[in-house]
Amino acid sequence: MDSEDLVQRAGRIAGWAARTGYSLGKRLPGADSAERSLRTLEQRALGELRRRLESTGDPYLATLNQAPARHTANGDADVRPGAITVIQQDDPLRVAMAELLNRSTGLDRDRSRDYLYATILRQLTPDEARILAALSDGSPFPLVDVAERAGLGTGRFVLRNASTVGKQAGVSLLDHVPAYVTRLIGLGLAEIDEEAPALSTQYEILLTDDTVRAAEEMVKRARIVRRTVRISPLGVSFWQACAPG
């Protein structure tokens with residue numbers, strides 16, 4: 001199986017798992033074997049993806065591996081047309097920024113978009129990719145924050161962005177779903193919206209989640225803030241560009 005087939009096959013299986021949910025798969029004959037195969041394919045596909053992305057060059061990593069800057073006899077930097085200017089090898093952060101600025105002059109709209117999406121893609125964990133797949137059809141999912149009830153309103157928050165989307169997506173680390181959702185929001189791939197009364201049953205299920213219950217026990221009087229999470233416009237564009245075929 002070549003690398004292209006590997007990535008496409010893993011993507012199709014991961015997409016199916018995200019749509020059907022891991023709990024359903026557990027009830028199917030041979031589910032344990034299928035789950036192990038899925039994990040193996042995911043690991044191999046991620047390795048192949050990492051190899052492809054690294055082959056395009058990371059501005060920061062490239063500066064760590066390049067040769068030290070050459071200097072003329074009088075100690076000045078040897079600056080040629082198109083070269084990074086007067087930046088020493090022992091200052092890799094500045095070299096990386098100079099490399100990004102140099103690259104920006106040669107990128108058109110499409111290549112700039114691909115660079116952005118590749119950078120985002122490299123930051124996602126496999127579980128977060130599953131959550132994004134579950135959000136990709138535009139459906140909202142219930143989301144709750146747990147705060148301490150204060151005399152005149154809401155006090156400190158002890159939990160943010162707990163959601164049922166992780167269980168629906170079949171993530172491995174259910175207790176990390178709030179962190180996953182927070183990261184997706186931070187990357188601009190997901191966004192928070194108002195409470196959806198139509199999801200009242202799902203909210204009740206979410207309130208029985210162990211992570212939510214543990215947060216409620218951390219305060220004397222808990223206040224639940226109900227909202228929803230959905231894919232963002234950037235998330236839609238990103239998914240259309242990156243979704244497995």
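Taking 4.5 Å as the limit, some side-chain heavy atom of Val225 sits within range of a side-chain heavy atom of Phe157. Proximity of Leu101 to Met97: side-chain heavy atoms (C-beta onward) are separated by under 4.5 Å at one or more points. Two residues are said to be in side-chain contact when any heavy atoms from C-beta on lie closer than 4.5 Å; Arg109 and Arg113 fail this criterion. The side-chain heavy atoms of Ser163 and Gln168, taken from C-beta on, include no pair separated by under 4.5 Å. Residues Val219 and Arg149 form no side-chain contact, since every pair of their non-hydrogen atoms from C-beta on lies 4.5 Å or further apart. With a 4.5 Å cut-off on side-chain heavy atoms, Ile224 and Val146 count as touching. With contacts defined as side-chain heavy-atom distances shorter than 4.5 Å, the pair Asp193/Pro140 does not qualify. Val177 places none of its side-chain heavy atoms less than 4.5 Å from the side chain of Thr211.
Put simply, the side chain of Asp209 never gets that close to the backbone of Ala162: no donor and acceptor are under 3.5 Å apart. When atom types are taken as modelled, the side chain of Arg230 and the backbone of Gly138 share a donor-acceptor pair closer than 3.5 angstrom. Checked by atom type and distance alone, the side chain of Thr228 never pairs as donor or acceptor with a backbone atom of Glu195 at under 3.5 Å. Between the side chain of Tyr203 and the main chain of Ala196, a donor-acceptor pair closer than 3.5 Å is present. Ser232 places a side-chain N or O within 3.5 Å of a backbone atom of Leu189 that can act as its donor or acceptor partner.
Residue Arg111 qualifies as open at atom CZ: its count of foreign heavy atoms under 6.0 Å is 12 or below. For CD of Gln123, the number of neighbouring non-hydrogen atoms (other residues, nucleotides, ligands) closer than 6.0 Å is greater than 12.
Remark: Arg213 does not engage Glu217 in a salt bridge, criterion side-chain N to carboxylate O under 4.0 Å.
Taking OH of Tyr117 as the start and CD of Gln240 as the end, the distance is 8.0 Å to the nearest 0.5 Å.
A continuous path of Ile, Leu, Val, Met, Phe, Trp and Tyr side chains, each step under 4.5 Å between heavy atoms, connects Tyr180 with Leu135, placing both in one hydrophobic cluster. Hydrophobic clustering of Ile, Leu, Val, Met, Phe, Trp and Tyr side chains at less than 4.5 Å, counting indirect connections, unites Leu121 with Leu116.
Side-chain atoms of Asp137 and Ser139 include a donor-acceptor pair closer than 3.5 Å.
Considering Leu124, Val229, Val165 in turn, Leu124 is the only one that fulfils the side-chain contact (heavy atoms from CB on, under 4.5 Å) rule with Leu184.
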